[in-house]
Amino acid sequence: MSKINAAITGVQGWVPETILSNKDLEKMVDTNDEWIQSRTGIVERRILKEEGKATSDMAVKAVQQLLEKTNTKKEDVELVIFATVTPDMLMPDTANTLCDKLGLSNAYGFDLKAACSGFIYAITVGAQFIQTGMHKKVIVIGADKMSSIINYEDRATCIIFGDGCGAVMLEPTEEDLGYQDAVLRADGSGREFLYITAGGSKKPTSQETLDAKEQYVFQDGRPVFKAAVKGMSSAITELLKRNQLTKDDIAWLIPHQANKRIINAVASTLDFPKEKVTVNIHKYGNTTAGTIPLCMWEWENQFKKGDNIVLTAFGGGFTWGAVLIKWAY
Ligand code: UT7
C-alpha cells in the first residue's frame with residue numbers, strides 16, 4: 001500500500017474591515033508611527049470591532065469561503081482543529097461553536113493552544129489524521145481576536161497585535177505532495193516573558209485582577225525577540241538537514257509575522273533571499289495563530305505544485321518550530 005500524504009487543497013483568509021493605524025495609536029498611547037515602523041515593520045492592523053463578535057465569527061467567514069473554493073460539502077468535513085489563544089469562551093471549544101454555526105454536522109473538533117506557534121502545531125496534528133487514513137477532510141484554522149486580550153494603554157503590546165484568521169483544507173493524496181515533516185519544540189521556562197496573569201485556574205478573574213488589568217497580555221519583548229530568532233533559525237536548519245535539503249531547494253519561507261526585524265534576522269542567519277520570504281506584517285500586525293495561513297492565502301497564486309515551502313513560528317510558552325510542505329496544486 002502506498003503512503004498517504006496530507007495535502008493542503010485550499011487556503012482562505014479573512015480579516016475584519018476596521019483598520020487601526022499607527023496614527024490612531026499615537027492618539028491612544030505615548031508612541032509614534034516612526035518608532036513602530038522602524039522597530040516592528042507594522043503600519044496598520046485589523047480590529048474586529050462589532051459588539052458580540054468573536055474569534056469563531058472570523059473563522060465562519062474564512063471556512064465558508066474555503067468550502068466553496070474546495071467544492072466541499074459541509075457533511076463531508078470530519079474534523080476541525082482550531083488554533084487560538086482567544087477562544088470565544090473558556091468552555092466550550094471554539095471549534096465546536098464553529099461547526100454549529102456553519103452546520104458541519106458530521107464533524108467534531110477541538111481547540112489547540114500554542115500561541116503564535118498554534119498553526120504549525122495544528123497542521124501537524126491535522127496531517128496525522130489524514131496520514132493514518134482515519135479522516136479524509138480535516139480543516140485546520142489559525143485565528144485570533146487579539147484585540148480582546150490587549151491593553152490599549154500598554155504601548156509595549158498594543159502596537160503589535162491585530163485580529164485575523166486563516167484556514168486550510170487537508171485531504172489525502174498518494175502523490176509525494178503535502179505535509180512532509182516538522183521540527184516542533186517548546187520550553188515552558190519561557191512563560192515568564194509572555195503571559196496573561198489572570199483568568200485561568202491559577203488566578204481566576206476577580207475585581208482585584210480586573211483593577212490590575214491582569215486579563216491582558218504581558219510581554220517582555222527583548223528576551224522574546226532573541227529567543228525567536230534563535231528558535232526559528234535552528235528549527236529550520238534542523239528541518240532542512242533532516243530532509244537533505246539546502247536553502248536553494250526551498251521556494252518559499254512563510255514565517256510567523258511578529259516583527260519584521262525578527263523575520264529579517266532569521267532570513268539573514270540562514271542566508272535566505274528576502275524575495276522568497278512572505279511578509280505582510282505591515283498590513284495586519286501580529287495576528288498570533290492567524291499569521292501563517294494569512295500569508296499562505298495572500299501568496300497562494302504564486303505557489304506552484306511541488307514547491308517546497310517552510311513554515312516557521314515562535315511564540316508564547318515558549319513554543320516554536322518549522323514545518324516542511326510540498327505545495328499540492
Ligand atoms: O509573536 C509572539 C512572540 N513575540 C515576539 O516575537 C515579539 C518579540 N519582541 C519584539 O518584537 C520587540 O522586542 C518589541 C517590538 C516588542 C519591542 O522592540 P524593542 O526594540 O525590543 O524595544 P524595547 O522593548 O527594548 O524598548 C526600547 C525603547 C524603550 O525605551 P528606553 O528604555 O530605551 O528609553 C521603550 O520604553 O523603546 C521604548 N518603547 C516605545 N517607544 C515608543 C517601547 N514601546 C514603545 C512604543 N513607542 N510603542
Side-chain angles (χ1 to χ4, degrees), residues 20-45 83-86 113-121 142-147 149-164 166 185-196 216-236 254-267 269 277-282 284-295 311-322:
L20 180 67
S21 69
N22 291 351
K23 289 280 171 203
D24 296 327
L25 285 164
E26 283 181 0
K27 295 176 206 138
M28 297 158 67
V29 287
D30 180 15
T31 191
N32 59 77
D33 178 45
E34 198 280 324
W35 191 96
I36 303 172
Q37 286 208 41
S38 62
R39 296 293 180 119
T40 69
I42 302 167
V43 179
E44 58 188 42
R45 62 291 290 136
T84 187
V85 288
T86 51
K113 211 151 161 272
C116 298
S117 308
F119 186 78
I120 61 167
Y121 275 36
D144 272 297
K145 183 187 168 185
M146 292 306 289
S147 60
I149 53 169
I150 292 301
N151 178 1
Y152 285 93
E153 292 174 357
D154 175 11
R155 71 176 183 174
T157 51
C158 74
I159 56 135
I160 300 170
F161 294 97
D163 303 338
R185 297 279 179 265
D187 175 4
S189 68
R191 68 189 181 281
E192 70 177 281
F193 303 110
L194 184 48
Y195 56 85
I196 298 173
Y216 295 126
V217 170
F218 167 86
Q219 177 170 246
D220 182 359
R222 276 187 203 188
V224 181
F225 188 111
K226 279 190 200 153
V229 174
K230 194 169 157 224
M232 288 191 280
S233 304
S234 62
I236 296 168
I254 307 184
H256 169 53
Q257 311 281 304
N259 187 319
K260 180 95 181 285
R261 288 187 296 139
I262 295 179
I263 296 170
N264 289 343
V266 171
T269 307
V277 183
T278 65
V279 179
N280 62 11
I281 190 170
H282 52 288
Y284 305 137
N286 181 349
T287 57
T288 302
T291 62
I292 289 177
L294 277 172
C295 278
L311 321 177
T312 189
F314 185 94
F318 292 146
T319 55
W320 71 95

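Order of appearance sets the numbers: ligands from 1, and atoms from 1 within every ligand. All heavy atoms count here, side chains included; hydrogens, waters and symmetry mates do not. Everything numeric in this text was worked out from a predicted model, so none of it was measured.
In terms of polar-atom proximity, Arg39 is counted as a contact of ligand 1, with an N or O under 3.5 Å from an N or O of the ligand.
Within the 4.0 angstrom cut-off, atom 1 (O) of ligand 1 has one or more protein heavy-atom neighbours. Closer than 4.0 Å to atom 33 (O) of ligand 1 lies none of the heavy atoms of the protein. Remark: atom 47 (N) of ligand 1 lies closer than 4.0 Å to at least one protein heavy atom.
The protein heavy atom nearest to atom 3 (C) of ligand 1 is Val224 CG1, 3.6 Å. From the protein, the heavy atom lying nearest to atom 35 (C) of ligand 1 is Arg155 NH2, 3.8 Å. Of all protein heavy atoms, the one lying nearest to atom 44 (N) of ligand 1 is Trp35 CH2, 3.4 Å.
At a heavy-atom cutoff of 4.0 Å, ligand 1 is contacted by the side chain of Asn286 but not by its backbone. Contacts between Thr288 and ligand 1 below 4.0 angstrom, taking non-hydrogen atoms only, are absent altogether. When heavy-atom distances to ligand 1 are checked against a 4.0 Å cut-off, Thr31 comes that close through both its backbone and its side chain. With a 4.0 Å cut-off on non-hydrogen atoms, Ile160 touches ligand 1 through its side chain and not its backbone.
Residue Val29 places every heavy atom at 4.0 Å or more from ligand 1.
Note that the NZ atom of Lys23 and the CD atom of Glu44 stand 13.0 Å from one another [nearest 0.5 Å]. One distance of note links CE of Met146 with CG of Asn286; it measures 6.5 Å at 0.5 Å rounding. Here Ile196 contributes atom CD1 and Tyr216 contributes atom OH; the two are 11.0 Å apart, rounded to the nearest 0.5 Å. Here the OG1-CD1 distance, from Thr157 to Ile150, works out to 4.5 Å after rounding to the nearest 0.5 Å.
Across Ala156, Gly221, Gly285, Ala115, heavy-atom proximity to atom 9 (N) of ligand 1 is greatest for Gly221. The nearest non-hydrogen atom to atom 25 (O) of ligand 1, considering only Arg222, Arg261, Gln257, comes from Arg222. Looking at Met146, Gln219, His256, it is Gln219 that brings a heavy atom closest to atom 4 (N) of ligand 1.
Remark: Asp163 pairs with Ser147 by the side chain to side chain donor-acceptor pair (under 3.5 Å) rule, at least two apart or across chains.
Side-chain contact check for Val277 versus Ile263: some heavy-atom pair is nearer than 4.5 Å. In this structure, Ile262 and Met232 have side chains that are in contact, with non-hydrogen atoms separated by less than 4.5 Å. Side-chain contact check for Asp154 versus Val29: every heavy-atom pair is 4.5 Å or farther apart. Within the 4.5 Å cutoff, the side chain of His256 has no heavy atoms near those of the Ser117 side chain.
A donor and an acceptor atom, one from each side chain of Thr287 and Asp144, are nowhere located under 3.5 Å apart. For the residue pair Asn22 / Glu26, no side-chain donor-acceptor distance below 3.5 Å is found, with atom types taken as modelled.
Of all atoms in ligand 1, numbered sequentially from 1 with element shown, those under 4.0 Å from a heavy atom of Cys116 are 1 (O), 2 (C). Proximity to Ala258 (heavy-atom distance under 4.0 Å) selects the following atoms of ligand 1: 1 (O), 5 (C), 6 (O). Within ligand 1, the atoms closer than 4.0 Å to a non-hydrogen atom of Asn259 are 10 (C), 11 (O), 12 (C), 15 (C), numbered from 1 in the order shown. Residue Ile262 approaches ligand 1 through these ligand atoms, each under 4.0 Å from one of its heavy atoms: 6 (O), 8 (C). The contact set between ligand 1 and Thr40, taken as ligand atoms under 4.0 Å from a residue heavy atom, comprises 15 (C).
In this structure, Pro223 and Phe193 approach most closely via the heavy-atom pair CG-CD2, 3.4 Å.
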